[in-house]
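Scroll down for the structure; my scribbles are underneath it.
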Amino acid sequence: MASHDDKGVKRSNMDDNANDSKRIKRGENGGDASAEKYNPYLAHLNEDGNGSGSGNNGDFESPLDAFKRHETTALQAAQAEDSELNPWTGQPHSQRYFDILKVRRDLPVHKQRQEFLDMYHSTQILVFVGETGSGKTTQIPQYVLYDELPHTTGKLIACTQPRRVAAMSVAQRVANELDVELGQEVGYSIRFENRTGPKTMLKYMTDGQLLRESMHDHDMSRYSCIILDEAHERTLATDILMALLKQIAARRKDLKIIVMSATLDAQKFQSYFYNAPLLAVPGRTFPVEIFYTPEPERDYLEAAVRTVLQIHATEPEGDILLFLTGEEEIEDACRRISLEVDDMIRESDAGPMKVYPLYGTLPPAHQQRIFEKAPEPLRKGGRPGRKVIVSTNIAETSLTIDGIVYVVDPGFSKQKIYNPRSRVESLLVSPISKASAQQRAGRAGRTRPGKCFRLYTEKAFKKELIEQTYPEILRSNLANTVLELKKLGVEDLVHFDLMDPPAPETMMRALEELNYLACLDDDGELTRLGGMASEFPLDPALAVMLISSPEFYCSNEILSIVSLLSVPSIWVRPNNARKRADEMKMQFAHPDGDHLTLLNAYHAYKGAETNGEDMKRWCHEHFLSYRHLSSADNVRAQLKRIMETHEIDLVSTPFQDKNYYTNIRRALLAGFFMQVAMRESSNSKVYKTVKDDQLVMIHPSTSVTSPYDWVVYNEFVLTTKQYVRTVTNIRPEWLLEIAPVYYDLDTFEKGEIKSALTRITDKVKRRQAIKGSGSGR
DNA sequence: GAGCACTGC
């Protein structure tokens with residue numbers, strides 16, 4: 001649905017001399033032109049009827065005709081790149097192309113093109129290390145392109161990225177560098193947007209997208225070379241891809257693999273890939289001087305604010321980046337810095353300073369403000385102005401800000417941890433790793449030499465910080481991953497060769513959870529339900545709930561709820577309008593559950609849309625997030641398509657039917673029967689989770705006004721207290737009916753929950769004895 | 001009566 005009317009590359013008009021230059025610039029091994037006329041890549045262009053705007057050079061002579069696959073030399077490739085005509089399209093190269101080419105030839109990686117090619121020719125798997133500024137992400141895939149010659153094989157080159165924006169922007173950049181239109185020879189593929197076409201030879205994509213693709217193509221047979229970029233980030237998807245590719249490489253000798261990493265931790269990648277050869281290319285950054293505190297700081301927030309002010313008072317011009325852990329802390333620090341700077345200006349004629357918060361949940365328009373220029377001096381000849389950005393880890397990898405000269409690093413970040421015993425994923429403020437500290441420091445040296453102030457001792461850095469942040473796979477609930485692996489045809493999970501195998505207990509938990517959800521049978525084999533569930537880009541519980549929902553006559557509604565639960569919160573609650581926001585939310589509130597409240601808000605949103613309202617304004621007035629609601633709509637459409645391919649019926653109970661909401665509440669349990677809590681006693685606010693026996697409270701954001709003794713919850717959050725968030729009232733007898741295996745009372749430990757459930761079983765039995773067999777829905 | 005590190009399908 002994305003608009004694809006991007007103008008792409010402008011081509012200069014050189015028709016008149018095109019033929020001459022073609023003759024002059026012919027590659028040195030050109031040979032007889034007429035013998036080389038047939039070019040399979042362009043033949044396929046002709047099949048398209050030549051109508052796609054790429055011109056009519058169907059029979060042009062390309063220097064590539066003389067290339068031999070896997071024998072390309074740097075010189076040959078460079079000469080082809082120098083041609084007047086684009087060797088891939090036959091179109092004349094634009095002036096911009098040659099301008100960019102000059103810049104590319106200046107990148108550190110360019111000097112080692114031949115070395116790269118020699119190594120690439122000699123091996124199936126290659127590890128490539130390039131620090132920031134080396135040009136690896138844009139250049140290496142192009143070097144591969146000129147060697148793989150996809151037009152002769154029909155196979156693509158893939159380059160994965162951990163983030164969508166990176167996949168999109170790098171693809172655009174490389175399309176410009178190759179002087180082609182984005183989506184034609186060079187494209188990208190991310191969730192919701194596939195911008196590739198029949199001509200695509202080089203495809204940038206997210207790592208998760210390649211993983212999804214491989215569920216239907218276990219050999220990744222569409223590709224002749226797969227490049228995993230930013231492998232040092234060790235995302236879940238990259239880790240799984242590495243293990244898969246290791247397996248595939250053994251059966252597909254024609255597949256080449258390049259693992260690209262930014263750190264010098266490359267030996268780990270090398271030895272993992274059977275001592276694959278390694279090529280290292282220097283980066284291009286400026287030196288950063290590191291300062292440590294002589295003594296440990298007790299209050300890092302206070303120390304951070306103090307350091308920022310000190311830099312402002314004593315250091316020359318240049319912007320500051322301060323790393324903190326979360327929204328609240330950041331807003332607090334921004335307030336304190338602003339206040340103190342006002343004093344400094346009054347008392348000691350300091351320059352002006354603009355303070356910008358930066359974190360992921362900040363609306364994009366606010367995020368953009370960090371790119372504003374630092375303020376001018378307050379008067380002519382006055383002390384220079386400065387900006388300071390107070391950011392989460394988002395500025396460590398996802399966002400690059402030029403002009404930063406000073407970095408303040410207290411040494412902490414919020415990290416996800418998973419406790420398989422309590423089955424709880426939570427965020428915990430933890431010390432960062434050495435690699436992370438280095439990355440942070442590097443942010444000071446992108447445009448000129450900089451300084452990094454670490455608010456910990458040098459000894460702490462050397463002795464206490466771990467080398468690398470634990471990879472995501474060691475910090476996550478793996479239910480989703482295990483399901484994916486089963487679908488990927490990995491039979492033996494225990495011997496699946498992951499770079500860092502997760503704890504056996506985490507694996508057991510995942511298998512157990514999938515077994516209860518009936519996604520895996522008792523032998524650990526994928527069931528039909530499990531196979532279907534793996535097709536959805538959802539956690540298994542959500543997928544199972546969605547697939548089961550027609551049995552409860554409410555799949556349309558569950559589809560909406562699942563979509564709403566898959567996006568960030570749709571509720572907007574600005575600090576200066578909390579009360580009004582809460583009042584607005586009450587308009588949508590359903591007394592029996594937050595899931596139903598979400599649904600009401602979504603229905604109101606769709607209703608307003610049908611009425612032709614200005615939706616941005618409508619959302620603003622109702623304190624709803626337009627961005628997240630429209631993204632939920634997007635998710636909904638994708639999930640709906642998957643449901644249709646599996647012939648899962650889309651049905652609703654009539655709204656007038658008294659069971660409309662009851663059916664939805666029951667359907668929630670088909671996926672979330674393991675996330676149920678029972679009230680401790682009838683007036684208590686404390687609940688106990690079923691089987692795990694965790695004491696929890698209902699999160700204050702809830703719209704449930706009269707809590708039942710039993711609730712189903714969407715997530716467990718561990719903050720100042722243990723909360724369950726997004727909860728809905730349920731009846732315990734539904735549990736016994738909908739999830740009889742999990743609620744087999746013989747499997748329960750003695751306790752209040754078991755006795756409560758036992759009483760209910762007896763009651764149900766008595767009622768059935770009186771009525772005969774059970775009543776319908 | 002709190003809060004949402006960051007990604008991804």
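The chains referred to below are lettered A, B, ... by the order of the sequence lines, with proteins before strands, and numbering in each begins at 1.
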Categorize [X] for me: base, sugar-phosphate, or nothing, with a 4.0 angstrom heavy-atom threshold over every strand shown.
X: A:Ile190; result: sugar-phosphate
X: A:Gln415; result: nothing
X: A:Lys416; result: base
X: A:Ile394; result: sugar-phosphate
X: A:Thr392; result: sugar-phosphate
X: A:Arg163; result: sugar-phosphate
X: A:Ser413; result: nothing
X: A:Phe536; result: nothing
X: A:Arg234; result: nothing

- Task: Kindly give the heavy-atom pair with the smallest separation between A:His628 and A:Val567, and that separation in Å.
- Result: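 Taking every non-hydrogen atom into account, O-CG2, 3.7 Å.
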- Task: Heavy atoms only: give me the nearest A:Leu399-A:Arg443 pair and the separation to one decimal.
- Result: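 Of all heavy-atom pairs spanning A:Leu399 and A:Arg443, the closest is O-NH1, 3.8 Å.
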Residue-phosphate contact under 4.0 Å: [X] side-chain N/O, [N] OP1/OP2:
X: A:Arg164; N: B:dC9; result: yes
X: A:Ser569; N: B:dC4; result: no
X: A:Arg725; N: B:dC4; result: yes
X: A:Lys721; N: B:dG1; result: no

- Task: Using the ring of A:Phe623 (Phe, Tyr or Trp, six-membered ring only), decide whether A:Arg580 places NZ or CZ under 6.0 Å from its centre and within 45 degrees of its axis.
- Result: no
- Return the nearest nucleotide to the side chain of A:Thr206; candidates are B:dC4, B:dT7, B:dC9. B:dC9
- Message: One thing to verify: whether A:Asp217 and A:Arg222 come together as a salt bridge, which I'm taking to mean a side-chain N less than 4.0 angstrom from a carboxylate O.
- Response: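 Salt bridge between A:Arg222 and A:Asp217, a charged N being under 4.0 Å from a carboxylate O: no.
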- Task: For A:Leu427 and B:dC6, give me the distance from atom CG to atom P, rounded to whole Å.
- Result: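 Those two atoms, CG and P, are 9 Å apart.
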- Task: Using atom types as modelled and distance alone, determine if a side-chain donor or acceptor of A:Ser534 lies under 3.5 Å from a backbone N or O of A:Gly531.
- Result: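 Side chain of A:Ser534 to backbone of A:Gly531: a pair is present.
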